[in-house]
Amino acid sequence: MSEMHTMNPDRFSELADAFGGELSRWPSDEQARAQAFLSAEPELAQALLDEAAALDALLDLDVTAPPAPALYETIAASGIRRAFAPPRWAGIAAAIALMCGAGTGWLGAQMNTPTNHDALYANAFSVLSETETLFEDGS
Amino acid sequence: MSRPVLKVIDGSPRRTGGGEEARAADARLAEGVAQGDAGAIRALTQRCLPRVHGVASRLLGDRDEADDVAQETFVKVWRKIALYDPDKARLETWVTRIAMNACYDRLRKKRESQISEDAPEQMDGAASAESRLTGEDALSRVRLAVAELPERQKLALQLCHFQDHTNIEAAQIMEVSVEALESLLARARRALKAKLAADRDELIADAAGLHGSGKEI
């Protein structure tokens with residue numbers, strides 16, 4: 001926030017130099033005092049305002065052209081598209097989940113397969129040996 | 001003195017200080033944009049694009065580049081809208097600051113590439129584009145004088161004179177104190193007065209003619 005200034009010819013001139021010839025465009029906290037100064041010293045104050053207004057009029061020649069209507073459409077469409085697109089992290093999360101799944105599967109296979117295989121192998125031969133024994137006995 | 005051209009182009013009324021109602025409206029709009037509401041996205045674009053484009057045109061001096069910066073700015077806005085804090089700044093102040101930073105980035109890159117190519121150093125990137133103007137008519141002379149101002153003075157003028165931001169809003173966008181803003185504005189206007197003083201009467205007559213004929217600039 002600006003510091004409080006006393007309104008005098010110097011301050012009035014500074015404000016006109018910076019903000020131009022329309023009091024309504026001056027800082028809101030100084031407008032009332034500027035208006036009071038204008039009423040008290042109309043000749044001096046009005047001369048300062050007129051000089052600033054002359055420059056305002058020249059500057060108003062150089063207003064930039066507004067953006068093309070197509071640019072509004074392009075920009076709004078980019079925002080709407082983005083709103084309906086899946087978030088960027090969704091793809092990364094899917095990739096991580098896939099990798100975790102594949103890794104867990106592979107680890108599981110590494111840990112379980114030999115044990116099951118050994119058990120099946122042993123079981124198969126144990127049945128065979130029992131059959132052979134029974135046959136040798138002649139029963 | 002009335003300024004009809006600005007009102008038509010800018011489309012938004014001059015604000016007199018914000019307040020709780022404006023803060024709440026900004027918060028609602030930002031929330032709508034964050035939730036992907038198409039109406040809110042269109043409303044924000046409608047409200048802020050003229051300011052963003054105006055700042056970019058003024059700083060870069062090139063309409064195509066201003067279009068690019070506007071698109072770049074809004075991509076950032078869509079991405080960062082959840083970070084907007086209505087207690088700290090008005091929505092257009094926040095958006096305009098993003099645009100200002102995008103313009104400064106471009107101007108810095110231009111300067112770096114000019115230096116690396118051993119081209120003659122210029123005071124202002126935008127001035128090069130504007131210097132092509134011949135200065136034959138009032139508009140060209142004024143435009144050239146404004147384009148040749150240092151960047152920060154030009155931005156202060158754009159925000160306060162051409163876009164009707166209050167001194168507090170403009171200072172927030174530029175991240176300077178209100179006193180520094182006032183100083184930038186005063187220096188800009190004094191420089192312009194000095195440059196245009198010689199032909200002032202003729203220029204004012206031309207300006208009156210242009211305004212009187214309703215010619216769109």
Side-chain angles (χ1 to χ4, degrees), chain A residues 1-5 10-31 46 48-89, chain B residues 1 3 5-6 9 14 16-17 33 35-38 41-42 44-46 49-50 53-54 57-58 63 66-67 70-71 74-75 77-79 138-139 142-143 146 157-158 160-162 164 166-168 177-179 182-183 185-186 189-190 192-193 196 200 203-204 206-208 210-211 216-217:
Chain A
M1 196 55 78
S2 62
E3 59 188 87
M4 188 70 88
H5 291 279
D10 286 345
R11 182 61 188 152
F12 196 90
S13 174
E14 282 171 6
L15 288 166
D17 266 356
F19 296 98
E22 285 180 51
L23 289 187
S24 62
R25 300 165 64 84
W26 289 18
S28 55
D29 57 346
E30 305 209 56
Q31 284 180 17
Q46 195 56 56
L48 290 167
L49 290 179
D50 288 347
E51 194 181 343
L55 183 61
D56 290 342
L58 290 180
L59 287 176
D60 287 345
L61 287 174
D62 188 26
V63 173
T64 55
L71 189 61
Y72 285 92
E73 291 306 316
T74 306
I75 287 174
S78 76
I80 293 165
R81 250 196 330 272
R82 183 182 160 77
F84 289 103
R88 189 182 289 179
W89 53 262
Chain B
M1 195 167 290
R3 309 177 66 236
V5 178
L6 179 68
I9 289 173
R14 182 173 173 81
T16 51
V33 172
Q35 287 172 355
D37 177 70
I41 290 169
R42 285 205 181 87
L44 179 65
T45 307
Q46 203 72 30
L49 180 57
H53 199 267
S57 296
R58 181 72 62 195
R63 196 173 163 77
D67 287 357
Q71 295 194 51
F74 279 91
V75 166
V77 168
W78 309 142
R79 209 169 57 222
L139 170 61
V142 173
R143 186 164 288 177
V146 174
L157 203 62
Q158 175 67 19
C160 289
H161 182 83
F162 293 105
D164 274 357
T166 66
N167 61 330
I168 294 168
S177 66
V178 287
E179 289 79 11
E182 189 179 315
S183 165
L185 281 171
R189 291 177 62 100
R190 261 184 246 127
L192 290 172
K193 223 186 275 183
L196 301 170
R200 199 176 73 165
L203 288 169
I204 288 169
D206 281 1
L210 282 169
H211 283 155
E216 190 169 328
I217 299 162

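Given the structure is predicted, the values throughout are model-derived calculations rather than measurements. In what follows, chains are A, B, ... by sequence order, proteins preceding strands, each numbered from 1.
Contacts of B/Arg189 with chain A are made by both backbone and side-chain atoms, with heavy-atom separations under 4.5 Å. Residue A/Ala77 does not touch chain B at all, counting heavy-atom pairs closer than 4.5 Å. There is no contact between B/Leu44 and chain A, counting heavy-atom distances below 4.5 Å.
Here B/Arg42 does not pair with B/Asp37 in a salt bridge; the nearest charged N to carboxylate O distance is not below 4.0 Å. A salt bridge links B/Glu182 to A/Arg11: one of the charged nitrogens lies within less than 4.0 Å of a carboxylate oxygen.
Residue A/Asp56 holds its CG atom at 6.5 Å from CG of A/Asp60, rounded to the nearest 0.5 Å. Here the CH2-CZ distance, from A/Trp26 to A/Phe12, works out to 3.5 Å after rounding to the nearest 0.5 Å.
Of the listed residues (A/Gly79, A/Gly20, A/Ala18), the one with the most heavy-atom contacts under 4.5 Å to chain B is A/Ala18.
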